Visitor: 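After the structure tokens below, expect a handful of questions from me.
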Amino acid sequence: MVTAAKESAAWRAMPFGSDRAHVDVDFNVPPPYAVTSVLAACLRGPGDARLAEQQAWGWSVASRLQGVLAVARATHPADLDISTRCQRCHETLSFSLPLENFVHAPVSSPLTCEPEGREAFEVRLPTGKDQQRWLESAGANPITMAQELVMNESVLAAWDDDLFAALELKLEQADPYTALNLESECPHCAAAVSQPLNLEGALLQRLQSALTERLRDVHRLARVYHWSEAEILALPSGRRDFYLACVSRESVQ
Ligand SMILES: [Zn+2]
């Protein structure tokens, strides 16, 4: 079992697709909603308690990402393969990134920002609820979003670009993987390569592929055995794999 960090410390991650309820997770919704569904479907607490969706929304964005990472590692621990092109020589560049490289124990909120020559102020980490509110209010922009996280009103009254830069830096240090850039060098022409990586998107895509694979298994078994979707999804994974092996052995004979 893979354990997620911080808020998720007491929770263990089930492999995605190992429970009937997992096929109900909808990936065709804005990512914060898919993340909440994945966390509620796949994290189990003491006594096998499920994580309530409301609780998942209240976790920091960093902890939510760690939760999805734990589920992805439990599901399919292969490296993340990223492919891009060098901007200078146009050669294809491939990176293989082990998922455990992204394991990070999120710091506790609030954090203290200490901009040079200015009054220190406290800022809290954004949560899933913040993401949800920003999604629903079309007028949200980076500055008002940041200001909602600052906990000292006196600082907000004197808000300017320097304070915003200090806040941005603090949040980046506390949560290095939500907005991530891979920095490397092109092996062909030695140009510096900076590739943005949407880790959350890549992990959700991996889980969506696992879901598709599980539904294909249902299709293969239903065709041969005429069991219902619910019956096939309820099979323990060992027996499901056994029957799948029987089906593929017979289909090549
Ligand atoms: Zn190059």
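Values below: every heavy atom of this structure, side chains too, minus hydrogens, waters and symmetry copies. Each ligand, and each atom within it, is numbered from 1 in the order the structure gives. Because the structure is a prediction, the values reported are computed rather than measured.
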Visitor: Can you name the closest pair of heavy atoms from H76 and R206 and give their distance?
Guide: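 Between these two residues, the closest heavy atoms are O-NH1, 2.6 Å.
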
Visitor: Measuring from the Zn ion (ligand 1), count protein N/O/S atoms under 2.8 Å, please.
Guide: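 Considering protein N, O and S only, the Zn ion (ligand 1) has 4 within range.
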
Visitor: Look up atom OG in S18 and atom CG in L233, then write down how far apart they are to the nearest 0.5 Å.
Guide: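 Separation between the atoms: 11.0 Å.
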
Visitor: Please tell me if the side chains of L207 and V25 come closer than 4.5 Å, counting only heavy atoms from C-beta onward.
Guide: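 L207 does not reach V25 side chain to side chain.
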
Visitor: Under 3.5 Å, which donor-acceptor pairs link side chains of residues 179-187 to any protein atom two or more places apart or in another chain?
Guide:
from	atom 1	to	atom 2	distance (Å)
N181	OD1	S194	OG	3.4
E183	OE1	S194	OG	3.4
E183	OE2	S194	OG	3.3

Visitor: Under 4.5 Å between any side-chain heavy atoms of P30 and L135, yes or no?
Guide: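 Yes, side chains in contact.
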
Visitor: May I ask you to check whether R64 and T36 show a side-chain donor-acceptor distance below 3.5 Å?
Guide: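 Per modelled atom types, R64 and T36 side chains form a pair under 3.5 Å.
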
